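Just so you know, these numbers come straight off a predicted model, no measurement behind them.
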Amino acid sequence: MRVMERTFREQLFFLVLSLSVLKGDTRYIENNEISKDELFSFFNSELKRETPEEFIYRRPLRCVDMVAVEGQFTFTAERPQLSCAVFFMAEPNEVISVDYDNVDIDCRAGDFITVFDGWVMKGEKFPSSQDHPLPLYERYVNYCDSGSLRKSVRSSQNVAMVFFRIHNAGSSFTLTVRKHINPFPCNVISQSPEGSYTMVIPQQHRNCSFSIIYPVAIDVSEFSLGHYNNFPKRAMPGCAESGDFVQLLGGSGIDTSKLLPITDLCISFTGPTHMKIGCDNTVVRMVSSGNYVSRVSFSYRVLDSQELQTIKLNNVEDFCFNN
């Protein structure tokens, strides 16, 4: 299990190493220069921590940070910090709320704190604009625009992030982060290198995805659309015309609209369907017309180095190594 965790952290390291954070207007993205030592220092710390309910976990924030635990987090600028980002992550069945507390920044001087509903990396967004329930402009909540009118922001999925810029040493802010149960999770970034999951869309016209940010072996064990449950297993290229289907996607980014299709499933079956996908990001994506209760069940595990070499040499997923 420790080997698995190390693989997950290494994958997150390479993703976060290439992250983009805001500089200037909050819609414009550019790469941040972060050293390996800075990143590994917070990956080596505990991402999760059990604490009694009567205590609240507190710690300082770094300019680039990863937070996977509830608590209160304070950033105090020792010097101007013009391009910072904090990534928040919860369990697949949770959403995240971020409360602004004790904010002492100078908005008129160009400081800002912006919560984004999702993640941004290398200019790409998760969930994609096609899959998120809100228009893009509503996914950014800038403290300097909303002030005391909106002190709390809640994510639509299990990940969120905060961009911030502070010009003056001594300026600071505190965020309180909480997790809340989401009865119908839709878009998810997996925390673990192996596991199983069932994604359900309860007669809603929406798209949902489950993102696994490392190469995996994946078994789709069940896919059903309402009363169409007894059809034989079938994978077809023209599933988009049916209005209800499941996609397996792969690639190196986090925006599902920019990933390459591996296969589509659009007729209900009880599996398994087994595939090995050598991509940095593997996504199970369900598209629903809202006419049925749609569900897909699958399990996954990270590929070992020998399996990756085999895929790289002679398997259909070679595009993952060539893009």
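Asp117 places no side-chain N or O within 3.5 Å of a backbone atom of Arg139 that could act as its donor or acceptor partner. With hydrogens and angles ignored, the 3.5 Å screen pairs a side-chain donor or acceptor of Asn187 with a backbone N or O of Ser209. Trp119 contributes no side-chain N or O that, together with a main-chain N or O of Lys125, makes up a donor-acceptor pair within less than 3.5 Å. With Asp255 contributing its side chain and Ser257 its backbone, the two residues share a donor-acceptor pair below 3.5 Å. In terms of modelled atom types and a separation under 3.5 Å, the side chain of Gln203 and the main chain of Val293 share no donor-acceptor contact. Of the possible donor and acceptor atoms, none in the side chain of Asp264 sits under 3.5 Å from a partner among the backbone N and O of Gln247.
Ile201 and Val95 fall into different hydrophobic clusters, defined by Ile, Leu, Val, Met, Phe, Trp and Tyr side-chain heavy atoms under 4.5 Å apart, directly or through other members. Val162 and Leu134 are assigned to two separate hydrophobic clusters, defined by single-linkage of ILVMFWY side chains at heavy-atom distances under 4.5 Å. Phe184 and Val296 are assigned to two separate hydrophobic clusters, defined by single-linkage of ILVMFWY side chains at heavy-atom distances under 4.5 Å. Criterion: ILVMFWY side-chain heavy atoms under 4.5 Å apart, direct or through other members. Under it, Met275 and Tyr197 are part of a common hydrophobic cluster. In the hydrophobic cluster analysis, where Ile, Leu, Val, Met, Phe, Trp and Tyr join through side-chain heavy atoms closer than 4.5 angstrom, Val141 is grouped together with Val177.
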From CA spacing to verdict: side chain to side chain contact (heavy atoms under 4.5 Å, CB included), Thr174, Gln72:
CA-CA 7 Å; Thr174 298; Gln72 200 169 71; 3.3 Å; yes
Could you walk me through whether Ile96 and Arg178 pass the side chain to side chain contact (heavy atoms under 4.5 Å, CB included) check?
CA-CA 6 Å; Ile96 300 164; Arg178 296 183 178 89; over 6 Å; no
Applying side chain to side chain contact (heavy atoms under 4.5 Å, CB included) to Asn207 and Arg285, what does each step give before you reach the verdict?
CA-CA 7 Å; Asn207 306 327; Arg285 181 173 182 262; 3.2 Å; yes
Is there a side chain to side chain contact (heavy atoms under 4.5 Å, CB included) between Val246 and Val284? Walk through the geometry before answering.
CA-CA 7 Å; Val246 167; Val284 180; 4.0 Å; yes
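Ser196 and Tyr300 make their closest contact through N-CE2, 4.2 Å (heavy atoms, listed as atom of the first residue, atom of the second, distance). Contact record, Phe223 with Leu265: CE2-O, 3.4 Å, taken as the closest heavy-atom pair. Summarising the geometry of Leu308 relative to Pro215, their closest heavy-atom pair is CD2-CB, 3.5 Å, with the distance given to 0.1 Å. Closest non-hydrogen pair, Cys63 versus Phe75, comes out as N-CE1, 3.9 Å. The minimum heavy-atom distance linking Leu82 with Ile166 is given by the pair CD2-O, 3.9 Å. Here the closest non-hydrogen pair linking Asp65 and Arg59 is OD2-NH1, 2.9 Å.
Between Ile213 atom CD1 and Ile254 atom CD1 the span is 9.0 Å, to the nearest 0.5 Å. A distance of 10.5 Å separates CG in Asn168 from CD1 in Ile105, rounded to the nearest 0.5 Å. With rounding to the nearest 0.5 angstrom, the CE atom of Met89 is 5.5 Å from the CD1 atom of Ile189. To the nearest 0.5 angstrom, Ser155 atom OG is 8.0 Å from His132 atom NE2. Distance CD/Gln130 to NZ/Lys258: 10.5 Å, rounded to 0.5 Å. Once rounded to the nearest 0.5 Å, the distance linking OG1 of Thr176 with NZ of Lys151 reads 11.0 Å.
Taking the six-membered ring wherever Trp is involved, the centroid distance between the rings of Phe164 and Phe112 does not fall below 6.0 Å.
Using a cut-off of 4.0 Å between Lys/Arg side-chain N and Asp/Glu carboxylate O, Arg206 and Asp131 are scored as not salt-bridged. A salt bridge links Arg301 with Glu307: the distance from a Lys NZ or Arg NE/NH1/NH2 to an Asp or Glu carboxylate oxygen falls below 4.0 Å.
With a 4.5 Å cut-off on side-chain heavy atoms, Cys84 and Phe163 do not count as touching. Contact annotation: the side chain of Thr74 never approaches that of Leu61 to less than 4.5 Å [non-hydrogen atoms, C-beta and beyond]. Counting heavy atoms from C-beta outward, Arg165 and Gln81 have side chains that stay 4.5 Å or more apart.
With Val98 as the fixed residue, the side chain to side chain contact (heavy atoms under 4.5 Å, CB included) test singles out one of Val115, Val86, Ile113: Val115.
Around atom NE2 of His205, no more than 12 heavy atoms belonging to other residues, nucleotides or ligands sit under 6.0 Å away.
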